[in-house]
Chemist: 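Before we start, here is the structure in question, set down as structure tokens.
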Amino acid sequence: MLIYCVIGVAALISILLSKSHNSMTVISVLQSSLSLGVTAYFILYRSLPVYYLSNRYFFMDHLGLYETLITWLIFLLTSIYASGYMKHLIVLNRFKKENLKMFYFAFNLLPINIMFAFFSNNLALFWVFTELTTLVSAVLIVLPNAKDNIIIALNYIFIASTAMLFSFIGLILLFGLTKNSTGTGTLNWDSLLSIVPSISSSVLALSIIFIFIGFATKSGIAPFHTWLPHAHAKAPSIVSTLLSAVLLNVGIYGIIRVYALVVHTPAARIISVIFFIFGLFTIAVAALTMFSQKTIKKFIAYSSIENMGLILVGIAIGTPLAMFWILFHTLAHSISKALLFFSAEVIQEQHEGLIIGEMSDVLRLQPFSSFCLIIGSLTVIGIPLFPVFLSKMGIVLELANVSYILLSISVILFFIVASAFSVVLMDIFSEKSSDDEDLPVRNATPLTIVLPMVILIALIFILGVFIPQNLNDLLIKIVSQLGI
Amino acid sequence: MINFPYEGILSALFVLVLVTAAFILTRRNILSLFTNYAMQSLFIAIIALILFLKENSVTLLVLSILTFATRVLIIPYVIKKIQKLMRIRRDVSFHYLTPISSLIVSIVLIISIYYSFYKFAANLSLAGVSYLGSTLGISLTFIGMLVIFSRKKAITKIVGYLVMENGVLLFSLFFSELPLIVEILIILDLIMLILIAAILAFGIDSTLEEFHQKINPLQKWVKEKF
Amino acid sequence: MNDSTFVFYIIFNLFFAVIISPFFMSLIKKVKAYCQGRKGPQLFQTYYNLMKLMKKEVVYSSTSSNIMRITPYINIVVILLSSICVPLVFIPQSSGSGFGNIILFLYLLALAKFFMALSGLDAGSTFGSMGSSREMTISAVFEPVIIIVFAALAFVMNTADIYRMFTNSVNSSMPFLNPIKFLNSISLFIILIVETSRCPVDNPETHLELTMIHEAMLLENTGKNLALMELSHAIKQTLLMALLINLIIPYGLITTLTFTGVILGAFSFFVKASIVSVIVGVLESSIAKSRLFRLPILFMMVFFFSFLTILFEVFLK
Amino acid sequence: MSLDTVSLNLFIAGMVFLLSAAVLPLLFLRNGKRMLRYSSLISAFISCLLVVCASLPVVVYNLKIRFVIYTITYFFSITCMIDRLSAFFIILIAVVSLSVIIYSFSYIEHMIENIKKNMIVCLICFFIVSMIMVVISLNMFAFLFFWEIMSITSFFLVMSEYEKAETKKAGLFYFIMTQLSTLFLIFGFMAIANISGSYNFENLDGVSSIAVNFIFVSLFIGFGIKAGIVPFHKWLPYAHPASPSNVSALMSGVMIKVAVYGIVRYVVDIAQPPLWGGIFILIMGTISALLGVIYALKEHDIKRLLAYHSIENIGIILLGVGLFVIFTNYNLTALATLSILGALFHTINHAIFKSLLFMAAGSVVQATGTRNIEEMGGLVKRMPFTSSLFLVGAVSISALPPFNGFVSELMIFLGFFQSGALLSPILEILMFTCLSLFALTSSLAAACFVKAFGITFLAMPRSDHSKNAVEVKMPMLIGPAIPAVLCVVLGVFSSRIFTFLGFDLPIPDLLVISSIAIISAIAVIIIVKISGRTKYPVRIDETWGCGILSQNPKMEYTASGFSEPIMDIFKPVYRTHTHIEKEYSDKHNTLFQKGFAEIRLFEIFEEYLYMPIARFVMKISADLAKIQNVIEPDSYILYTFVTFLLLLIIGGWFI
């Protein structure tokens, strides 16, 4: 735990001191690779969970480490991608040179923040860190040189923090309940795990709903998802990658932790019904809005909302197998979402300003990134050779045991999503106006932009067909630790 | 301690808090909004003080001092300073709800939350004043949200958010105080949030270049501090 | 033992069909001539025509491909094969090779028609292609009707093999005038008219471009090709007449191979077939050719008759 | 080494070859050298051979080889079983892909970019692998796994010429329909998993009828969409013409059969559908057959014509399956085996002659550069081999005797004929109408192929493309030659094959018949030679045109002219609507200046079934998008406010 703090603080200070752009990217790459190494070491060799501080506010358990692993992986790839990408933005004068230092400071602060959120045993502490991530990501959104970024950032802060306030009320309720039943109230997750069965179920359900509202907004569940598409469309792609691949996981992590508390109590029935309603509503809204999206990044944002809805449905099922596939799905989704955003950004820059219908010769101008876009969207739809197929099939199998109507609704919604993807991809790729001579100049894609995409494709192909043994054991350990 | 009628004073303070909330809902002049907010925080600090006198747990005392310091002094000062830069005087336009209808909605809100919480009060052994206090806390949060979406200007939305924050504090006072460290962290987080929201609000109303010039001195100011 | 009789049957049936069928063609021409008050050609005229055509020179059009060259041979071979399917005089024991299958017989005729239509198209002249287009239209609409008639027959005789059908009709003691036999005979007679493109469907005599269908396809054939086509047309007519005769009035038909039986059977078939061709000749000269798009109504009538046979059979039983 | 281990090793060796053939072009995507593609195609060729000899013994000796290839997690495992039915389908797939691979040796060289050439070779190999794996997968997960890979690889193959606008529509249509079919399959499989507990295809005969009915309907629709049964057939006439010919040969020859495999596997093995199920299949089969051939008649694009004919033949196969179900419900086992064998034999026949026709059509399209038969003609002289191959295909598809199409349609006919006396009167009338419609279909098919062959190949070339068309290179002739030979062999030796496999069926022995035909042909030629000795040699002269001087192509019959009488008889089915535009030179619309008139065929299914649903979904998504496009936060916070309140109040009362 301390190692992380040391790496983080060192990175932050060195960014404040460093002057040139390259040094900042090198620092962020270094920080992320180091922390990734440390997390991998912890997962493989340390006996978990480990508790810190006297009042056990921080702890490291398998779920936390798994999510941190995903965070640092995505952050490493984004920082490699960022070097080439930021230069491009500065050249195009869409990013002020002097803001760069602040941008990189916030850019490095965000994963540290998220990591601490994952390591906080105390739910209130987790709440604080999630609130901080909203602020830091708002700063990241606002920095590029565009007017309506500010409105969107403000919009994001308001929606997220108002909802978080409600989940804070839920926390207070929970704290009061534990105080009534055991004298001294506690919000530490592991002690809660033992106290909760003894609490009266109706108030517990109410507090869980309150908490769920906050975290649902953070992870883009249906009626509260409205900030997500705008934030993703306007923010620079590295920020929107972090937002959708990592930040949404924080919300889902919170919901999983809270649901794990309540899964064996009588309140679980009402909670899973509400989760089902919200989950299916999210998939429906996202699936239907996808058809008429005009910018690629907004379209991808809606597909992440759809995936979050799917994860919520998976959580609502509540069986250990469903939870196994949910965790696998978060990893698969983060990877494919990162790949989609990277390739979408390259295509968007190549055809800057053009909406989906008007782009022509996309495949010939940027062959590699359009290939990645196709692979990414195929992964998200759930085509066999890719990982999401396994998780979707797993969830569908579990749904079949729960109830048949839910299964039919969700399978029909997956079908609508797949057709939405095909409609949009057709619009992007099939326009071919000019012949070879007067093709517009092709944006150079330096190695730093291509490398992360290649790594991501390799990861997707590996995960699609073969689940590594220690990943499998890690997920099984998480599920057993959550007590589902 | 002298056992003068706590319930009477507390209910009086509740009324005062709700009156300030009503004012925030309806007032057009921004400066008066800030003063209303400061008074509301003052009342809540007093409530905390009385609760401390009633149950004399140290955290309550520290809490009331803290709320007094931050919510009555520092935050209004920061907002006023930012507001001076923005040179906006009045937030005229309303959205979705006119002042009258927003007041009616808040009344309905308070009643419905009171009744919907009735079931829980039974098995939470919440009696009289503290039950009223916690339901008022939640309804104050909802009123804060009402302010956010019914006012056009960003600065008034920030004040709305602060009112919600007060509501949460009120609820935690009556329902169950959280450990002190958590409270402090939440207040820190609140300050950070208000700072950034205010800068953004300023950014919306001025042109882009001005916004970036303003940000740079702020960056330098932040750098000197740390 | 029955293999050798089957071989003898094949050779006999083939030669018998080849020899007597041109006679019926000229008989029908003679009857039509008498109806129109003129003397008409002598009875063996068709034989002389065939011999003459054999000696004539063969002319191929420049645009035609080798489809034109192979179609006459395919036509004659297919018709000879189908003549084996329909026993004219004596019925062999059903051999293993399943020769008698009705659908095989029908589709052999369809194969002949298919190649004749292609050769019509091959020359590239509008007459030929119009003929083949009309021929395919009629066959497209009429073939299902023929299958329904055969299905009704198969349903009545509960077998799909022509040999067993004929043996059943010979042995069965059905009285002459029962309704099923009557309906069958009408539908078979109409099939004979349509398949050999007689009057209401198509006018065999004329060479006026608009009215001829069957003749249009043969327009480009010359010399021995024309002879072969004419011969196969004649044999087809005999086979269809045989189907009609042997099912409805099977008196001359024999199942055991005796010398006198064969002679008598052949003679009785000859008499019966000439009676039928006289009827055809009289019918042809009494009706005018109907418009192409009025034909489906005629076909519906046959469909209706076979539907009736099935209903009678189902409800009578 | 017992027989099944030998065939198993052969099969695995085949699969390894095929996978290596697929991966090879991927590694060198950009280089254009032909040797790369040839080597991968050769290895694919060898693998097909291996797979055929692996599955032959299984069919003959009715073995059952069960093996597990790979387990991803403990219950998602790819378990496979090769039994007689799947081995039969493997042979079908392997034979057709064998000929298509040879055909693609030179067909692919005509494409332009190197990437596209390599990509197509790789995707074709993946496509074949996925189809073979679908046919042998025992586990539900494996079935869906390969089913989706099959759809995706074929989708990319259809999209290979993505520049054209029509490929975009075809690709979109195809992708959505395949996803729809997977949706229904998931329903069916989940229901089976719920009832039978295990994820393998277990026999669930003793099960309550409601569940079995639901499973039957959802699986039938799922497989029906992929097979192209009438209400769901609309993607087929778009996807096949848009994809390159060797791909459409593979798709319509083989992919549709994989869907038929699904239906047959369900009907034969998993659960016996009830009587009404059999009638349902029979009716769907008749409708698809009839509408398939009627729409084919109006088509002038050669590949769309062939695509519609695939729908017709699928209908015929379904007829056989429907008869099988009805007969088993009345437990007439002899007739049941006859009709199911007829259906399966027609599946392999259709696979063979349809791939032959598509390949021949592909070479014609490549030689003349256009797909419209109205611009072709006179190709028989310029491309003799391709036209003779097309002729063989045309004759066998219109079910004429010596070829294989005739035998399978004959078996289904016999099924109908002999069903007469045994069933209840109402069923009797249904059988009678289906028989008449089936007969109508096969006669219309013959008419349609006379038109297709006659107008495309015979008479004079109607445009200068077809005037300077030139015969295609060798591989593009050997490719189709294999199925042509198979058409003849399967046709002639059909009854011998059936007796060898242990079924005795009342079908005629075409071997004896064709030998007699050859003898009589020789006899006729000799007689004609003797009697026809004329002085004059054969003379080549002008076609007789009632005295006009020179024949010009304008005077020839066109395809629409040829099929116009038939279309006139079936006018109510086509429901053409005329579209007239007039322009007048003065404002009172009195002086007519110029105009444009057109008879447009009304796409019933597209207008009434597909388009309304698409428009409805698009409208909803437009409204939803409009709500969420606003930048200001107010409306969003209002939504959250309302949701919180509702949750709280409802929560308060209900919990």
Side-chain angles (χ1 to χ4, degrees), chain C residues 10 54-63 65 67 73 76-77 80-81 84 96-99 101 103-104 107-108 110-111 114 117-118 121-126 129-130 132-134 136-137 139-141 143-144 147-148 151 154-155 158 160 219-220 223-224 228 292-293 296 303 307 310 314, chain D residues 378 380-381 395 398-401 406 410 413-414 416-418 420-421 425 428 432 435-436 439-440 443-444 446-447 450 453-454 458-460 506-509 512-513 516-517 520-521 524-525 528 531-532 534 536 538-546 551 555-557 561-562 565-566 568-569:
Chain C
I10 290 174
M54 276 301 181
K55 303 243 175 331
K56 287 277 265 222
E57 67 162 345
V58 176
V59 177
Y60 290 113
S61 98
S62 52
T63 57
S65 63
I67 292 261
Y73 293 100
I76 190 69
V77 163
L80 291 178
L81 266 180
I84 299 167
S97 72
F99 239 103
N101 199 312
I103 306 157
L104 175 68
Y107 271 84
L108 280 173
L111 178 64
F114 186 86
L118 281 184
L121 272 167
D122 191 15
S125 79
T126 30
S129 13
M130 179 191 281
S132 51
S133 143
R134 294 208 161 159
M136 289 322 282
T137 321
S139 86
V141 180
E143 216 178 283
I147 289 186
I148 295 303
F155 183 70
N158 51 49
L219 215 53
E220 281 301 314
K224 55 185 185 324
L228 287 178
L292 184 68
F293 294 115
F303 181 82
F307 202 77
I310 297 251
V314 166
Chain D
V380 86
K381 292 200 185 56
V395 170
S398 22
L400 296 173
F406 166 72
L410 173 69
F413 267 122
L414 287 178
F416 271 112
F417 272 39
Q418 272 146 23
E428 181 47 34
F432 195 75
L435 172 65
S436 47
L440 180 65
S443 58
L444 282 174
V450 163
F453 183 78
L458 302 179
M460 281 175 282
I507 51 170
D509 182 353
V512 168
I513 297 167
I516 295 173
S520 50
V524 160
I525 291 165
V528 162
S531 64
T534 66
Y536 315 97
V538 170
R539 189 157 60 89
I540 305 293
D541 203 334
E542 272 299 317
T543 322
W544 182 73
C546 238
Q551 281 289 84
M555 288 180 44
E556 277 167 358
Y557 241 59
F562 190 89
I566 301 176
D568 197 69
I569 294 172

Chemist: How far apart are the closest heavy atoms of D:Ser443 and C:Ser139, and which atoms are they?
Modeler: CB-O, 4.0 Å

Chemist: Please state whether the side chain, the backbone, both or neither of D:Val524 comes within less than 4.5 Å of a heavy atom of chain C.
Modeler: side chain

Chemist: Any side-chain heavy atom of D:Phe417 sitting closer than 4.5 Å to one from C:Asn101?
Modeler: no

Chemist: Can you name the nearest heavy-atom pair linking C:Ser133 to D:Tyr557, along with the distance?
Modeler: CB-CE2, 3.7 Å

Chemist: Quick one: are C:Leu111 and D:Val395 in side-chain contact, heavy atoms under 4.5 Å?
Modeler: yes

Chemist: Below 4.5 Å, heavy-atom pairs only: which of D:Gly378, D:Ser398, D:Ser436 has the largest tally toward chain C?
Modeler: D:Ser436

Chemist: If you take all heavy atoms of D:Val380 and C:Ser65, which pair is closest and at what distance?
Modeler: CG1-CB, 3.1 Å

Chemist: Return the option, out of D:Leu435, D:Asp541, D:Leu440, with the maximum number of heavy-atom pairs under 4.5 Å with chain C.
Modeler: D:Asp541

Chemist: Would you say C:Thr137 and D:Asp568 make side-chain contact, with heavy atoms under 4.5 Å?
Modeler: no

Chemist: Looking only at heavy atoms, what is the nearest atom pair of C:Leu81 and D:Ala517, with distance?
Modeler: CD1-CB, 3.4 Å

Chemist: Working to the nearest 0.5 Å, report the span between CD1 of D:Ile513 and CG of C:Leu104.
Modeler: 4.5 Å

Chemist: Considering all heavy atoms of both residues, which atom of C:Leu121 and which atom of D:Ala459 are nearest to each other, and what is their separation?
Modeler: O-CB, 3.9 Å

Chemist: Which bit of C:Tyr73 is near chain D, if near means a heavy-atom gap under 4.5 Å: side chain, backbone, both or neither?
Modeler: side chain

Chemist: State the CZ-CD1 distance between D:Phe416 and C:Ile148, to the nearest 0.5 angstrom.
Modeler: 9.5 Å

Chemist: Considering only heavy atoms, which portion of D:Val450 lies under 4.5 Å from any heavy atom of chain C: side chain, backbone, both, or neither?
Modeler: both

Chemist: What I'd like to find out is whether the side chain of D:Leu410 reaches to under 4.5 Å of the side chain of C:Tyr107, using heavy atoms alone.
Modeler: no

Chemist: With a 4.5 Å cut-off on heavy-atom pairs, point out which of D:Ile516, D:Leu444, D:Ile525 contacts chain C the most.
Modeler: D:Ile516

Chemist: Return the CZ to CD1 distance between D:Phe413 and C:Ile147, rounded to the nearest 0.5 Å.
Modeler: 3.5 Å

Chemist: Is it the backbone or the side chain of D:Phe406 that comes under 4.5 Å from a heavy atom of chain C, or both, or neither?
Modeler: side chain

Chemist: State, to 0.1 Å, how close D:Ser531 and C:Lys55 come at their nearest heavy-atom pair, and which atoms those are.
Modeler: O-NZ, 3.6 Å

